[in-house]
J.: 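What follows is a single structure, and I will ask about it in a moment.
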Number of protein chains: 2
Amino acid sequence: MANTDGPTRERIRAASYELLNEKGLAGLSMRALADRLHIKAPSLYKHIEDKDEIIADLQARGLQEFGIAIRRAGKSRRAKALAYRGWALANPHLYEITVSIPLLRDRIPAGLEDGVTNLIIEITGKDHEHARAVWALMHGLVDLEIAGRFPKDADLDLTWKRAVAMI
Amino acid sequence: MANTDGPTRERIRAASYELLNEKGLAGLSMRALADRLHIKAPSLYKHIEDKDEIIADLQARGLQEFGIAIRRAGKSRRAKALAYRGWALANPHLYEITVSIPLLRDRIPAGLEDGVTNLIIEITGKDHEHARAVWALMHGLVDLEIAGRFPKDADLDLTWKRAVAMI
DNA sequence: ACTTCAGGCTAACACTGTTAGCGAAGGAGA
DNA sequence: TCTCCTTCGCTAACAGTGTTAGCCTGAAGT
């Protein structure tokens, strides 16, 4: 029987977190992960079900840490918005894994996604439709910035200032 | 010598366009592409350099068709915004290939990316910073919608109405 | 008729996630 | 202590990915 909750499993989770942050989503392969733990890739499957379990775990950690960062930020909409950008740029791979591949809803703790969504709604203080637009605005800015879609000489600080003013 | 501009190359381009729209980015493999042309995968390399050439070609077509759709829309900001959403939802895979993987700038026609960027700036009629925020807003809305991040019961028509009002 | 070459082909390589099955180490019970 | 069973490593392998090397055939040019 596979050990799905032992100390090795915890080490796998920790190593995958490091690997993601260092090498990005594309660098997160089962063999690279196994190398880091000085075991062979197939041995990972004695402790976890499949790669999606690792993905889901990282998505959950991403959502959680993101939520904490937003909560910690100052109360003003401006502070929250800058915290959004700041966290995403500081953790681009963690941000990527939560937004640019399908969210494995069945395998992350219930309520986690809603918790983050509600957090954004609280920030705006208005209705859900407005909150979604604000969320989309911040997500779009970060996504385009990380993807390098804005020209190098773009003044993104100023762009964010304008964006916050639009809210 | 490889034939890099013959009729077969044109057929490869056409087939890759179909394949992308039918099966999505994940379904666009060299072997699947070759199957559609009734040849074997390695034979593709007699006509093209590598897969990135196909990706770049599709990104260029995406940008071009997107630009046309936006230009054709009514002059109002609202009409333009709805055209943005409409085109992206009607061509999700083409939209995806232009925004969710790195844009192969060195391999798409010069000026194409700037053309689309300028188009968005024209829509807002304001400065670049404002235009970028508007672009991010629309991109974010579409990206989150395609990724299924909004709840099923979300009224996205209304969300877009609010978003347009924010512009 | 001879040569050249475009454009197919198969075999293979390095990579991906994953499964089957083997073997050694350690603990539990007689 | 002997035996048994579980845990947890391992290698070999499979199907998939993009890609390269090298072979062969048919057609076109001189």
Side-chain angles (χ1 to χ4, degrees), chain A residues 1-59 93 96-97 100-104 106-108, chain B residues 1-59 93 96-97 100-104 106-108:
Chain A
M1 282 294 134
N3 177 1
T4 53
D5 205 45
T8 305
R9 186 159 185 264
E10 210 50 49
R11 289 178 57 225
I12 291 175
R13 291 163 46 110
S16 64
Y17 181 79
E18 291 172 18
L19 191 55
L20 175 69
N21 283 320
E22 286 173 28
K23 309 285 182 180
L25 188 51
L28 183 64
S29 77
M30 298 303 274
R31 284 171 178 83
L33 179 56
D35 279 353
R36 189 168 283 245
L37 295 163
H38 306 107
I39 61 176
K40 304 297 174 183
S43 301
L44 291 170
Y45 293 83
K46 299 288 180 176
H47 306 276
I48 59 163
E49 195 64 34
D50 52 25
K51 190 181 182 183
D52 274 0
E53 184 175 323
I54 290 169
I55 301 288
D57 182 58
L58 291 169
Q59 287 181 330
H93 302 304
E96 181 191 11
I97 208 173
S100 76
I101 59 173
L103 192 64
L104 302 173
D106 297 344
R107 308 181 78 166
I108 63 175
Chain B
M1 282 293 132
N3 176 2
T4 54
D5 205 43
T8 305
R9 187 159 184 264
E10 209 50 48
R11 290 178 58 226
I12 291 175
R13 291 162 46 109
S16 64
Y17 181 80
E18 290 171 18
L19 192 55
L20 175 69
N21 282 319
E22 287 174 27
K23 310 283 182 182
L25 187 51
L28 183 65
S29 78
M30 298 304 272
R31 285 170 178 83
L33 180 56
D35 278 354
R36 190 169 282 246
L37 295 162
H38 306 108
I39 61 176
K40 304 297 174 185
S43 302
L44 290 169
Y45 293 83
K46 298 287 181 175
H47 306 276
I48 59 163
E49 196 64 34
D50 52 23
K51 190 181 180 181
D52 274 0
E53 185 177 322
I54 289 168
I55 302 287
D57 181 59
L58 292 170
Q59 288 182 329
H93 301 305
E96 181 190 11
I97 207 172
S100 75
I101 60 173
L103 192 63
L104 303 172
D106 298 344
R107 308 180 78 167
I108 63 175

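So you know, we letter chains A, B, ... as the sequences are listed, proteins then strands, and number each from 1.
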J.: Using salt bridge (Lys or Arg N to Asp or Glu O under 4.0 Å) as the criterion, list what pairs up with A/R11, not counting sequence neighbours.
T.: none
J.: A/L20 versus A/I54: any side-chain heavy-atom pair under 4.5 Å?
T.: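 A side-chain contact under 4.5 Å is absent here.
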J.: Within the 4.0 Å limit for protein heavy atoms, which parts of nucleotides 15-23 of chain C are touched? Write it as a string from 5' to 3', B for base, S for sugar-phosphate only, - for none.
T.: -BBBB-B--
J.: Return the set of residues passing salt bridge (Lys or Arg N to Asp or Glu O under 4.0 Å) with B/R31 (not counting sequence neighbours), or none when no residue passes.
T.: none
J.: Do A/I55 and A/L28 come close enough that some side-chain heavy atom pair is under 4.5 Å?
T.: yes
J.: Within less than 4.0 Å of OP1 or OP2 of C/dA6, is there a side-chain N or O belonging to B/H47?
T.: no
J.: Have a look at the helix from C/dA1-D/dT30 to C/dA30-D/dT1 and give the angle its two end axes make, five pairs each, rounded to 10 degrees.
T.: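 Terminal axis comparison yields 20°.
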J.: May I ask you to decide if B/P102's main-chain N or O and B/Q59's side chain share a donor-acceptor pair within less than 3.5 Å?
T.: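 Side chain of B/Q59 to backbone of B/P102, a donor-acceptor pair under 3.5 Å: yes, one is there.
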J.: In whole angstrom, give the distance that lies between atom CD1 of A/I39 and atom P of D/dC8.
T.: 11 Å
J.: Is the shortest side-chain N/O distance from B/S43 to OP1 or OP2 of C/dC9 below 4.0 Å?
T.: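 So the side-chain polar atoms of B/S43 do come within 4.0 Å of the phosphate oxygens OP1 or OP2 of C/dC9, strictly under.
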J.: Check side chain to side chain contact (heavy atoms under 4.5 Å, CB included) between A/A14 and all other residues, then give those that pass, not counting sequence neighbours.
T.: none
J.: Is the shortest heavy-atom distance from the side chain of A/M30 to the side chain of A/I48 under 4.5 Å?
T.: yes
J.: Who pairs with A/D52 by salt bridge (Lys or Arg N to Asp or Glu O under 4.0 Å), at least two apart in sequence or on another chain?
T.: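 With neighbours one apart ignored, the set is empty.
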J.: For B/N21, which residues count as a side chain to side chain donor-acceptor pair (under 3.5 Å) partner, sequence neighbours excluded?
T.: none
J.: Suppose we screen for salt bridge (Lys or Arg N to Asp or Glu O under 4.0 Å). Which residues come up paired with A/D35, at least two apart in sequence or across chains?
T.: none
J.: Whole-Å distance between D/dC10 P and A/H38 NE2?
T.: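 It is 11 Å, rounded to the nearest whole Å.
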J.: Polar pairs (N or O, both sides) under 3.5 Å between protein and nucleotides 24-29 of chain D?
T.:
none

